[in-house]
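Data block below; observations after.
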Amino acid sequence: MSDCCAAETIEIKVEPRVSGKVRTVALVGPPNSGKSTLFNRLTGLRAKVANYPGVTVEQHFGKLNGIGRSDLTLIDLPGIYGLDSYSEDARVAVDVLHGEMPGTPAPDAILLVLDSLHLRRQLTLAAPVLALGLPTLVLLNMSDLMETRGGEVDTLALARELGVPVAKISATRGTGLDSIAHFLDRKGETLQPRNPAKLELPVVGNARSYRQWATGISTRTKYKAPLSSEWTRKLDRFLLHRIFGPLLFLAVVISVFQVVFSIGQPLSNAFGDLLNAAGSKIGMFLGHGWFESLLIDGIWKGVASVLVFLPQILLLFLFIGVLEDSGYLARAALIADRVMRSIGLNGKAFIPLLSAYACAVPAIMATRTIENKRDRFATILVAPFMTCSARLPIYLLMIAAFAPNKPIIGEFFGLRAAVMLSLYLLGFLAALFTARLLKSSILKAASAPFILELPQYRLPTLRSLGLRVVDRGKVFLKQAGTIILCVTVVLWFLSHIPFHSTLPDSVIGHVGRWIEPVIHPLGFNWKIGIGLLSSIIAREVIVGTLGTLYGADPATHSLSLQAALRHDLTLGGAMALVVFFAFAMQCTSTLAIVRRETNSWKWPALQFAYMSVLAYTAALAVNQIISHLF
Amino acid sequence: MNALSELGIGKMAIVERLDLPEEVGHHLMHMGFIPEARIVVVRRAPAGDPTVYAIDGFEIALRRETARSIRVQVVEEGL
């Protein structure tokens, strides 16, 4: 399929398609060559970057502000090995390059980004890209690393061989970028398309001839490959060790959770105190009245009850950042392949599933790197079981309220971290179980091959980690400032209408009591019921809702949210609530992205029904068992 | 000629041919698995499978079932 496809496109593209003004420039290159890092440099935007192949799975646009060319649009593309589309993310890149992606203009020029540490292999992509006939600049990325490791290449000779300009850059450091500005400025505002016929290109679509061509060129341009980083192998000897490897993996996971509690919890508490103090200061200033009640008891208590978890969530993201940027993630996928295989999934599915710990939406998009369609759908359907950061506020709240701070293994591992770890494990097991179910029923398929490139380890830069944390903080604050704020305002009004009514007689009280029979067997009262209803929008909304409702109730008005919950819920109900959240599909954004990626309402509907039934049944079982035991 | 999966850690070999479905084979060729390429068996994953191979300066992990279909010629003992 791939061969004929590529050959056809070449015949079409030999005709120069654009001559004149350059408006759109595309970043093309093999996976993990640093395209998105360069994209962020050139546009000032923040596309996700990390150290494993397949981070970018769709096209991103940005204006070339970084080099003062805001009149030009830069398109960042998923990494490709050739111009045949093997997986969904590669198809995106190839379609954009051929101008066949709806809503995306065909590029007028190409920046071909190659990892200069592995130039010989990376050059094989130059052949099909140059054959497109578009004005191209070849960028040898990570050239600083190549030179410090003793690598060499004659860029002038390479430019002569390829018939296009070549420049050395470092996207991470931002060096050599003036060559891009120079390339785009050349000949005023126009770039003449090249005539690919003049260049001796290998047989199209034939990997072997590409390779011979690339080897020939790298020899003639005196390319000397840098010494491979010794410590990647040394580290792997340890991190992929038969015994130490899995143990270290476990130790890493445990220490992440422990730090979230031992360092994160005091930070969150202090932040919560600060927010409360600020709230009462403003309250005093406003005096008593309905406005003060709306602002302080409604909005402030609701929004602040979610906001307090910011420090703990940011800490978790810092750790995820270190794992992703260092290159460890691909090793984790390798360690987990055996488990994944036993449930019938590809080890590659482990990378999207791991990134679902942050959020299911990008994880579902990341499944585009899975070549087999049925494997991909199975991964999409189970991804929302992974514990995303939206579940953290309710988990952290319930754990702080109900789990005592008891050490299990000295200072290193406490009960709270253990409960948290078991909730993560619960979600992961549900994902495995469901995948197994899907793969042995409606999504049966022959197992697809597992082909995983292991990137070299890199030390995460402070800048990149800092940006991740800041970006995540912004997302969280935005959520608290929009959705949660709106919900608390609506809830406050509904809990005060009709006027001068008590909470149980208000509109919200009536709705709550109406749904209470359904949730009573789970050990939930009507306030939790309203929380569950509102969290269909997004999981973290429940904490804001509970903050507002308990703030509006005179009986619990003066208590902290934790104390109010202890007052209202049994241990069985509390455990049932977190188990409900571990399984339930309360996220409209996830449903929307599943609809988009599977191109049908059937899958999100099935997913929603399955997860809701599972959540209800499991919560019911937990409450009944715990209430009978204690 | 041997199957790549039969090679022990540290063995070096030359790729002869890929007996794989066209799409998979094609993908692997783009990743460097082409006839005459030199390949070294680097290490096995903790569970004994997949295995990490070094080819063209890259490290690529394959499951045994895939490596079984890659025919190679052993060239050297030891790394």
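So you know, we letter chains A, B, ... as the sequences are listed, proteins then strands, and number each from 1.
By the neighbour-count criterion of 12 heavy atoms within 6.0 Å, atom CZ of Arg64(B) is sparsely surrounded, having that number or fewer from other residues, nucleotides or ligands.
In this structure, Met31(B) CE and Tyr81(A) OH are separated by 3.0 Å, a value rounded to the nearest 0.5 Å. Rounding to the nearest 0.5 angstrom, the gap separating the CZ atom in Arg43(B) from the CG atom in Asp236(A) is 5.0 Å.
The shortest side-chain heavy-atom distance between Leu62(B) and Pro449(A) does not fall under the 4.5 Å cut-off.
Closest non-hydrogen pair, Pro50(B) versus Leu334(A), comes out as CG-CD1, 3.8 Å.
Contacts classified as salt bridge (Lys or Arg N to Asp or Glu O under 4.0 Å) and involving residues 114-129 of chain A (residues at least two apart or in different chains) are given here: Arg121(A)-Glu453(A).
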Derivation of the side chain to side chain contact (heavy atoms under 4.5 Å, CB included) call for His30(B) and Tyr210(A): CA-CA 9 Å; His30(B) 276 304; Tyr210(A) 281 178; 4.0 Å; yes

From CA spacing to verdict: side chain to side chain contact (heavy atoms under 4.5 Å, CB included), Gln122(A), Phe58(B): CA-CA 11 Å; Gln122(A) 302 249 314; Phe58(B) 275 81; 3.7 Å; yes

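Of the charged side-chain nitrogens involved, at least one lies within less than 4.0 Å of a carboxylate oxygen, so that Glu59(B) and Arg233(A) count as a salt-bridged pair. Salt bridge Asp49(B)/Arg338(A): absent, no basic N to carboxylate O contact under 4.0 Å.
For Ile60(B), the parts lying under 4.5 angstrom from a heavy atom of chain A are both the backbone and the side chain.
Considering only heavy-atom pairs separated by less than 4.5 Å from chain B, the leading option among Arg242(A), Arg331(A), Arg341(A) is Arg341(A). The most heavy-atom pairs under 4.5 Å with chain A, out of Thr66(B), Val24(B), Leu20(B), come from Val24(B). With chain B as partner, the option from Asp337(A), Thr215(A), Ile243(A) having the largest number of non-hydrogen pairs under 4.5 angstrom is Asp337(A). Of the residues considered (Ala54(B), Ala37(B), Pro35(B)), Pro35(B) shows the highest number of contacts with chain A, using heavy-atom pairs under 4.5 Å.
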